[in-house]
Amino acid sequence: MRRNIILDCDPGIDDAVALAIAAAHREELKLLAITTVAGNQTIDRVTNNALKLVNFLGIKDVPVARGSAAPLIREVIPAEDVRGSTGLGDCLLPETGKAPASEQGVVFLADTILKLPQGETVTLVPTGPLTNIALLLKVFPQVKKRIDLICLMGGAAVGGNVTATGEFNIWQDPEAAQIVFHSGIPIVMCGLDVTNYCGFTETQIREMLENPNPVVHAYGEMTDFYLRSRPYCRGSIAAIHDAVTVTWLMHPEWFRGREMQVEVDCSEGQNRGMTVCDFREWAQPEKRSGVTVLLEADTEKIQKFWLEALYSYQN
Ligand code: BDR
Ligand code: CA
């Protein structure tokens with residue numbers, strides 16, 4: 001069955017890969033819209049990147065709406081050293097004169113969801129800080145019953161990448177994440193426990209760079225940037241965190257996860273942004289959290305699946 005999805009993202013190299021994979025599988029994933037959120041880069045840059053990507057990938061029918069410019073409480077802290085000055089590494093995509101379909105991403109999200117034909121629901125796929133999603137759920141709670149799942153990239157049961165315990169998306173806006181994790185909507189958390197191990201090898205990236213297909217080549221240029229970025233490299237693997245979300249939607253059988261209580265540390269201490277995952281099944285036996293934390297992934301199958309998707313582009 002075709003699943004309605006909305007990507008809420010901050011492209012972002014791995015966001016761009018997630019988008020390309022989703023767009024290569026439009027018979028399974030009906031991409032209703034893309035909303036942007038400040039994270040990897042400023043809201044202007046990530047929105048511009050999203051507009052360029054839909055143009056470049058030939059999915060111009062998908063509307064792009066500009067979302068939140070800053071987290072709920074703090075200022076956004078873009079990190080050019082690990083994400084590049086445009087947010088897409090060294091890749092320069094063709095300019096597009098197109099303007100966003102809306103400057104009010106949260107309102108646009110609500111409208112898109114509430115306009116769904118009766119009986120239809122949507123899966124939200126956030127791959128950036130959760131600011132837009134938290135605002136959506138707080139300001140328009142009536143959308144909740146039309147959201148079947150939130151499959152997000154963020155957090156970790158163990159460790160972090162920005163700090164010892166903070167993963168970037170959650171750490172950027174912990175208050176928003178806490179609202180989303182407690183929304184009561186089923187959540188699949190694709191955190192660093194799996195995303196750190198899902199990626200491309202240096203050889204695969206070199207092959208993409210040498211490929212004449214403009215889409216493959218561009219993704220080679222983008223992901224090559226990760227090879228030089230310590231937080232994104234695990235040995236010789238450049239982690240493509242965000243693409244795990246859309247992969248789980250199509251192939252949940254390649255993953256193992258567990259439902260558990262997840263709390264976000266919103267303190268000002270050293271663990272700000274940590275996703276505290278409670279593995280104690282016996283601790284809250286009668287309470288279901290609705291949050292499934294992914295813990296293992298079949299990384300080889302996933303890598304193959306991603307390469308097939310990227311190489312399927314003809315232009
Ligand atoms: C997350 O942080 C961002 O830089 C990536 O796009 C991804 O969403 C990984 O921690
Ligand atoms: Ca992202």
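Each ligand, and each atom within it, is numbered from 1 in the order the structure gives. This structure is a prediction, so every number in the text was calculated from the model and none was measured.
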Query raised in the report: Any N or O of T127 that comes nearer than 3.5 Å to an N or O of ligand 1?
Result: yes
Query raised in the report: When you look for heavy atoms under 4.0 Å from ligand 1, do you find them on the side chain of D15, its backbone, both, or neither?
Result: side chain
Query raised in the report: Rounded to 10°, how big is the angle at the Ca ion (ligand 2) from D10 OD1 to D15 OD2?
Result: 70°
Query raised in the report: Has the side chain of E167 got a donor or acceptor atom that lies under 3.5 Å from a matching backbone atom of N161?
Result: no
**Report entry** Trace of the salt bridge (Lys or Arg N to Asp or Glu O under 4.0 Å) decision for R74 with E268
**Finding:** CA-CA 11 Å; R74 283 192 176 175; E268 296 294 332; 2.4 Å; yes
Query raised in the report: With a 3.5 Å cut-off and no angle check, do the side chains of T36 and T47 form a donor-acceptor pair?
Result: yes
Requested in this report: Report the part of N161 in contact with ligand 1, treating N, CA, C, O as backbone and CB onward as side chain, heavy atoms under 4.0 Å; options are side chain, backbone, both, neither.
Outcome: side chain
Report task. Please identify which atoms of ligand 1 are closer than 4.0 Å to at least one heavy atom of M153. Result -> 1 (C), 7 (C), 8 (O), 9 (C)
Requested in this report: Between L152, V244, L192, D242, flag the one that comes closest to atom 8 (O) of ligand 1 by a heavy atom.
Outcome: D242
**Report entry** Atom indices of ligand 1 within 4.0 angstrom of F168 heavy atoms, with elements
**Finding:** 2 (O), 3 (C), 4 (O), 10 (O)
Query raised in the report: Checking only N/O/S atoms, does M153 have one that is under 3.0 Å from the Ca ion (ligand 2)?
Result: no
Query raised in the report: Mind checking whether H25 and F305 have ring centres under 6.0 Å apart?
Result: yes
Report task. Check all N, O or S atoms of D242 and name the one closest to the Ca ion (ligand 2). Result -> OD2
**Report entry** Polar side chain donor-acceptor pair, S267 to D265, under 3.5 angstrom
**Finding:** yes
Query raised in the report: Within the distance-only criterion (no hydrogens, no angle test), does the side chain of N213 pair as donor or acceptor with the backbone N or O of V215 below 3.5 angstrom?
Result: yes
Query raised in the report: Looking only at side chains, do H217 and E210 share a donor and an acceptor under 3.5 Å apart?
Result: no
Report task. Provide the number and element of each atom of ligand 1 under 4.0 Å from a heavy atom of H241. Result -> 9 (C)
Report task. Could you say whether the N/O atoms of E167 and ligand 1 ever approach to under 3.5 Å? Result -> yes
Requested in this report: Ignoring hydrogens and angles, state whether a donor on the side chain of D8 or N132 is under 3.5 Å from an acceptor on the partner side chain.
Outcome: yes
